[in-house]
Amino acid sequence: MEVKFNLNGLDVCLNVKPGEYLIDSLRAYGVKSVKKGCNASVCGACTVLIDEKPALSCSVLTASVEGKKVQTVESIQEEAGELSEYFAREGADQCGYCTAAVALVVHALRKENPHPTREEIEDYLVGNLCRCTGYQSQTNAVEKYLGGKK
Amino acid sequence: MKVNEYVRAASLKEAYSLKKASPKNKVLGGGLWLKKGNADVDVLIDLSRLGLDAIKEEKDYVSVGAMVTQRQFETSPIVKKIGGGVLCDAVHQILGPAFRNSATIGGSVYGKYGFSDVVTALLGFKVDLVFYPEAVISLDEYVKKPGFANGILTEVRIYKSSAKSYFKKVKATALDYPILNLCVTHDKEYRIVVGSRPLVGSLCESAMKYLNEGGKDLDKAVELCLEELKLGDSISAKSEYRSHLARVYLKRALEEVK
């Protein structure tokens, strides 16, 4: 079936199976930044933004995003670049597998709650697992990144 | 998941006739549990065009459309007014915001999953479920009856309440299923619910009767709950552990809402 949606600012029309998940359609299309960490709706590595809200692309059927706005990290390159500098300074950039998803979630958090407390940051990011950092360096980086933001 | 056909229903009538036509035709809520199920679906029925995603404040109840997401629900200032915001606190503890942006209240309730925090928290209040075509059934009744429903769940009605409330979800890690969950509310009457037993939320009616008839001994009320509750074993915990947890948290809950 054909599904028309907006991907990172571009209107696309993909031919997909009715039971196909968004992550598979995106990766087949060439967007490899979206990672399949668990395929069980729990790790958050597959997070994308649908109509500007975080969603788990491993668990969303492509057919269901007809007419919607889908974003992957490529759509927030400048912000992701800036956040990654904070990550580097805090030592939070290790294998990088969780990072694209975290960048999108931080972008969404900033829209919803521009000046979150450390607790609110941890709470919003709870669904993004990281196998490397033990989370402290990540939270430090996000806290500092959002600290100076308007 | 193998799906033969994906249909965006243009009306409830169309959705219902598709659902009725075959047990292999399924209604799509958030699709999270459907993904775990691995079953082959013939026609997957998408309800997203039917305006079931609104939260409205009516005179006596709050109307929650079945397609309202868990995230919409927990951030709603209307829902926050119920029971001191306990329903929002309960739903907030489910996984992360991305998951909750897909999972729907209708899907959480319809499946009456044993581990469901949504069902346990809602059972702390008077709640009616509206099905198409034409059927209204209380959540209390829906949870007790065998099987699911033939119709399509369109609306969850939560009767307004300023009850003192307590909700607890015991889990091993932040993203885990609950080992036990419970909800205790006290307005003019007490409602005591324990879920993830591992079975779905269940009201402790003899304890409620004791307290509602003026009983003051909270320890006695807790023991009445433990006598009545069927707590079993599952992969995460044995019934003895569940009993221990229930005893502690029910006492705390009753202290807090008295």
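To find a chain, count down the sequence lines: A is the first, B the second, and so on, and within it residues start at 1.
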Non-hydrogen atoms of A:Leu146 and A:Pro116 that approach each other most closely: CD1-CG, 3.6 Å
When the 4.5 angstrom heavy-atom criterion is applied to A:Ala108 and chain B, the contacting part is neither
Part of A:Leu61 within contact of chain B (heavy atom distance under 4.5 Å): side chain
Pairwise distance CG(A:Leu104) to OG1(A:Thr99) - rounded to 0.5 angstrom: 11.0 Å
To the nearest 0.5 Å, how far apart are CD1 in B:Ile78 and SG in B:Cys88? 10.5 Å
Identify, with sequence neighbours excluded, every residue that meets side chain to side chain contact (heavy atoms under 4.5 Å, CB included) alongside B:Ala90. B:Ala121, B:Phe167
Which of B:Gly96, B:Pro97, B:Gly31, B:Gly30 touches chain A most, by non-hydrogen pairs under 4.5 Å: B:Pro97
Which residues pass the side chain to side chain donor-acceptor pair (under 3.5 Å) test with A:Asn140, sequence neighbours left out? A:Arg118
With heavy-atom distances below 4.5 Å as the criterion, would you say the side chains of B:Leu123 and B:Cys183 are in contact? no
Chain A to chain B donor-acceptor contacts, backbone plus side chain, under 3.5 Å:
from, atom 1, to, atom 2, distance (Å)
A:Asn39, OD1, B:Lys35, NZ, 2.8
A:Ala40, O, B:Lys36, NZ, 3.1
A:Pro54, O, B:Asn101, ND2, 2.9
A:Cys58, O, B:Lys35, NZ, 2.7
A:Ala63, O, B:Arg8, NH2, 2.7
A:Glu112, OE1, B:Arg71, NH2, 2.7
A:Asp123, OD1, B:His92, NE2, 2.9
A:Asp123, OD2, B:His92, NE2, 2.7

Options A:Pro54, A:Ala55, A:Gly127, ranked by heavy-atom pairs under 4.5 Å with chain B, top entry: A:Pro54
Can you say whether A:Val60 sits under 4.5 Å from chain B via the side chain, the backbone, both, or neither, judging by heavy atoms? side chain
The side-chain contact (heavy atoms from CB on, under 4.5 Å) partner of B:Ile55 among B:Val156, B:Val62, B:Ile158 is B:Val62
Interface moiety of A:Leu129 toward chain B, non-hydrogen atoms closer than 4.5 Å: side chain
Verdict with reasoning, B:Val118 to B:Ile94, per side-chain contact (heavy atoms from CB on, under 4.5 Å): CA-CA 9 Å; B:Val118 178; B:Ile94 300 168; 3.8 Å; yes
Within residues 84-95 of chain A or reaching into it, pairs that qualify as salt bridge (Lys or Arg N to Asp or Glu O under 4.0 Å) - sequence neighbours excluded: A:Glu85-A:Arg89, A:Glu90-A:Lys144
Can you say whether B:Leu175 sits under 4.5 Å from chain A via the side chain, the backbone, both, or neither, judging by heavy atoms? side chain
